[in-house]
Amino acid sequence: MHRFFVPPDWLEEDRVTIVGSLVHQIRNVLRLGPGDHIVILDNSGWEREVEIARVGQEDVSGQVVDKRLASGEPRTKITLYQGVLKGRRFEFALQKGTELGIVEFVPLISDRCVIASLDDVDKKRERWQRIILEAAEQSRRGRLPRLRPAVLFRPACESARRGGLSLIPWEEARDMEGATSLRSVLRGTEQPPFSVSLFVGPEGGFTPDEVELARQYGVIPISLGPRILRAETAGLVAAAAILYELGDLE
Ligand code: SAM
C-alpha cells in the first residue's frame, strides 16, 4: 500500500481530503481509484489506512478504515551532524540515513567544507526536504526525519552537549591515547542511550582542532575501523552499527 505524509489539517475525523501535486501522483502516476487503499501519515506517530472514495481533478477524498500506531521508528534517536558535501553526496546521506532510521539531520559547516556560502546551503533545503520525504514514504517510516538549519561547528557541539551520547567518528581515533571503540562506548553506558548525536566530517575531514573542541564538549572520538570511508558512507556505517548494537535493526 502506498504511504503518504500529509499536513494534519487534511484529516478531518474519519475522512481525508488530498489536494495539490499528490492528486496528480495518485490519479495519473499511480492510477489509483475508488476502493483502493492507501496509508496516510500526519507525522503524529499514527498512521491511517484510507479507502479512496473519489478521485477528482483537484482533490482526492477517502474514508479512514483503520488507525494504528505507525511502526518503522527506531527506539534510539540518532541525529546526524553531517559536514556539508559537494554535489549529490549530501543527498545520498539524507536518503540512506532516512531509510536507516536517522531522526534528524543537521547540515554541519566545518573548516574543510567546500561551500560557496551559507546561502548556497539554504537554497538546497527544499530539495533536501523532498528527498527525505520520498525516502521516508518508501522505507515506511512512521515519522518524517527533521532537517534542521545549517550550523557552524561550535554551536553544533553546544547543541549536542544538551542531548545524550555524542560521538565524532574520526579516522585518527584509533591512534589516540585511551582510544575507545564504538562497541565499548555503547556497552559502557548504564542504560542504552535514548539519543545519539553523530558528527561526520566533509570530504576533507575534521581538523585536529575541531576534534579537540568536540572533545571539550564531551563528544567522544571513535574509530570506524582502519579503512577510510567516504563522508557519505561513514555516517551510515556509524548509524547502522549503533542501531544494530542497540537492537533497532531487529
Ligand atoms: N581524512 C580522510 C581522508 O584521508 O580521506 C578525509 C575524511 S573522510 C573522507 C570523511 C569523514 O568520514 C571523516 O571526517 C570522519 O568523520 C569519517 N570517517 C571516514 N573514515 C573513518 C574511519 N575509518 N573512522 C572514523 N571516522 C571515519
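Whatever order the structure lists them in is the order used to number ligands and atoms, beginning at 1.
- Exactly one residue among K67, R68, R140 makes a salt bridge (charged side-chain N to carboxylate O under 4.0 Å, His left out) with E47. That residue is R68.
- Atoms of ligand 1 found under 4.0 Å from any heavy atom of R227 (numbered from 1 in listed order, with element): 20 (N), 22 (C), 23 (N).
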Report the C-alpha distance between R88 and E91 in whole Å, list the side-chain angles of each, state the deciding distance to 0.1 Å, and finish with yes or no for salt bridge (charged side-chain N to carboxylate O under 4.0 Å, His left out).
CA-CA 5 Å; R88 297 270 184 265; E91 297 171 8; 3.6 Å; yes
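- Within 6.0 Å of CZ on R54 lie more than 12 heavy atoms contributed by other residues, nucleotides or ligands.
- Counting heavy atoms only, E171 comes closest to atom 2 (C) of ligand 1 of the residues E210, Q82, E171.
- At a threshold of 4.0 Å, the pair E12-R15 does not count as salt-bridged, since none of the basic side-chain nitrogens sits closer than that to a carboxylate oxygen.
- Atom 3 (C) of ligand 1 has as its closest protein heavy atom I228 CG2, 3.6 Å.
- Side chain of D36 to backbone of G33: a donor-acceptor contact under 3.5 angstrom is found.
- The nearest non-hydrogen atom to atom 6 (C) of ligand 1, considering only R174, E172, E203, comes from E203.
- The protein atom (non-hydrogen) at minimum distance from atom 10 (C) of ligand 1 is P202 O, 3.3 Å.
- The residue among I222, T233, L229 with a heavy atom at the shortest distance from atom 19 (C) of ligand 1 is L229.
- In terms of protein heavy-atom proximity, atom 24 (N) of ligand 1 is closest to L224 N, 2.8 Å.
- Relative to atom 17 (C) of ligand 1, the option among A234, P226, G204 with the closest non-hydrogen atom is A234.
- Atom numbering of ligand 1 starts at 1 in the shown order; those under 4.0 Å from a heavy atom of G225 are 22 (C), 23 (N).
- Under the 3.5 Å distance criterion, the side-chain polar atoms of E73 are matched with a main-chain donor or acceptor of R143.
- Aromatic ring centres of W128 and F90: separated by under 6.0 Å.
- The closest protein non-hydrogen atom to atom 16 (O) of ligand 1 is P169 O, 2.7 Å.
- Taking the centre of each ring, F153 and F206 come in below the 6.0 Å mark.
- Ligand 1 does not have A173 within reach: every non-hydrogen atom of the residue lies 4.0 Å or more from it.
- Interface atoms of ligand 1 facing W170, defined by a heavy-atom separation under 4.0 Å, are 24 (N), 25 (C), 26 (N).
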